[in-house]
Amino acid sequence: MTNKEIRTRIAPSPTGDPHIGTAYISIFNLAFARQNGGKFIIRIEDTDRERYIEGTDKIIIENLNWLGIEADESPEIGGQYAPYVQSKRLHIYKEYIKKLLDNESAYYCFCTKERLEGLRNTQIHSHTQPKYDKKCLSLTKEEVEINIKEGKEYVIRLNVKPGIDIKFNDLIRGEVSINTDSIDDQVLIKNDGFPTYHFASIVDDHLMKITHVIRGEEWISSTPKHILLYKAFGWEVPSFAHTSLLRNKDRSKISKRKNNTSILWYKEQGYLPEAIINFLILLGWSNPSGEEIISTHEFIKKFSFDRMTKSGPIFDIDKLNWINGVYIRKKSIDELKKLVKPYLKYDIKPSKLDKILKITQERIKKLNEINDLISFFVEDIFPPSELLHEKYDKETTDKILKFALKTLKDNGINKDSELKLKEHALQEKYNVGDFFMVIRIATCGRKVSPPLIDTLDILGIEEVEKRIQNSIGR
RNA sequence: GGCCUCGUCGUCUAGUGGUCUAGGACACCAGGUUUUCAUCCUGGUAAUCGCGGGUUCGAAUCCCACCGAGGUCACCA
């Protein structure tokens, strides 16, 4: 007995920016396939030529790769069931729709959009479910042929028989049962000759030997249509798992208007791929150990459907920020230097940058904060007068600064000077914190900085002297 | 509106009949470390487990009804 190879897939459509929800679904598909020594496939579903945006398919795959989501088979790397782009598989769908027409699971429909519109409106007004009324099902073969000869536009619909309960065992939700009364005669082939998602994905999933369809909850109600299609072909039905949907703060399905849904945005902000993935994992699955920081590698080992969450989690960026900080703090200085480079707008000598990063690392939550965090190391500073004199009057401020400068020049920038300054502050009955704050503002131009002596050391005595002199007498 | 899914601290969740006066994480607050911020450590606020019935000696956990939220009802995916 040979175990069937587990094969999962994601099927993004190239209609815009790479979506965070695609990454969310991907990570579970990938984990399940890898855990079982199976294959994870990316297939591009570009059957909607109206919403198609050229080039976005490449960008989607590129950004999934950036997140560490790499397929075993895809348009880019190919595979034994290529092509992995639906617009290149039109001849296949054409061939397969014939079978459905032949065994009367599908039928031609010549109804105009106007008629369908009117039908729907009356149904909505009478509070019944909008559904096609099967008018064209009664057309004879001859009538169909005549219509086609006359060049009438048509679609091909699935013939759904009413009154049947379609049941499937969802790997996440358990048994789901939906009656065919609530299912429309789905269009399979559009009047432009392109298949709809419902038809193309079933044909492709079968041909590509997909064993487990792991997708978002929004697909639950169309799953019976898909099962009907498999049955109409006489094909084996794959297993289904419907994950919860990422939500906005108001609990609606995550959307561009209310959230940053583009992976591009997260990249620009300086979120680390492993942090994003870790966060997404947490939103859909719970670790039996309770630990929340988990690598993709470990997740693949521990994944199971019974720990997938059923309710739709709100995408809480606060938690992502925390996770990102955790991952940034774990990096070595060399790694951090590489990570920060694309965000850094200053040209800083590597040895100096090393020192800066060493004392800045634990303060970075997102990589794009780096410039704000370290600007005063490289840019000239102009501490506002009111900030400079926030703690003491001008005379006292100058006194403190003069003493600080002398101490640092005489002893160098080191622990010894720091101690001397502190002793002096104590002796003169200054508040130690306030005393150092004056020096910080004069040298850093701000109230927040890494530890002062380390900071001044990086600036160097010359620059420190210049900055303090500039603040004296103001 | 029909159908489907879901419902534990503000948020993400643990929990599968007794060890739950409900545990953890983020956020928030306080204290400690510290010359600021951050990190780190300690502690705290916060869910009568959507509501109401029932089953049971005992229910967050089982059952029913209700309510709420979401999804879906396209020649979009």
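Not measured: the values here are computed from a predicted model. Every chain is numbered from 1 and lettered A, B, ... according to where its sequence line falls, protein lines coming before strand lines.
For A:Lys406 and A:Phe403, the positive end is not near the middle of the six-membered ring at less than 6.0 Å and at most 45° from its axis.
Separation of the C1' atoms belonging to B:rA27 and B:rA47 is 16 Å when rounded to the nearest angstrom.
In terms of polar N and O atoms assigned as donor or acceptor, the side chain of A:Lys319 comes within less than 3.5 Å of the base of B:rA25 in a complementary pairing.
Within the shown strands, B:rG54 is the pairing partner of B:rC62 under the Watson-Crick or G-U definition, both distances less than 3.5 Å. Checking B:rC6 for Watson-Crick or G-U wobble geometry (two distances, each under 3.5 Å) identifies B:rG68 as its partner.
Aromatic rings from A:Trp219 and A:Tyr197 are positioned such that their centres are separated by under 6.0 Å.
Ring geometry for A:Tyr24 versus A:Phe28: interplanar angle over 60°, hence perpendicular rather than tilted (30 to 60°).
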For nucleotides 67-77 of chain B, read 5' to 3', which letter fits each nucleotide if B means a protein heavy atom sits under 4.0 Å from the base, S means only the sugar-phosphate is that close, and - means neither? --SSSSSSBBB
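A:Lys249 has its NZ atom 10 Å from the P atom of B:rC12, to the nearest Å.
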Identify every side-chain donor-acceptor pair in residues 423-442 of chain A under 3.5 Å, counting partners at least two apart or on other chains, and give the distances.
{"from": "A:Asn431", "atom 1": "OD1", "to": "A:Gly433", "atom 2": "N", "distance (Å)": "2.8"}
{"from": "A:Asn431", "atom 1": "OD1", "to": "A:Asp434", "atom 2": "N", "distance (Å)": "2.9"}
{"from": "A:Arg440", "atom 1": "NE", "to": "A:Ser449", "atom 2": "OG", "distance (Å)": "2.9"}

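Checked by atom type, the side-chain pair A:Ser252/A:Asp250 shows a donor-acceptor distance below 3.5 Å.
Taking 4.0 angstrom as the limit, A:Ser286 places a side-chain polar atom (N or O) nearer than this to OP1 or OP2 of B:rA14.
The 5' end of RNA chain B is approached more closely, in terms of each residue's nearest nucleotide, by A:Ile314 than by the other of A:Ile314 and A:Ile364.
For the pair A:Ile227 and A:Phe168, the minimum side-chain heavy-atom distance is below 4.5 Å.
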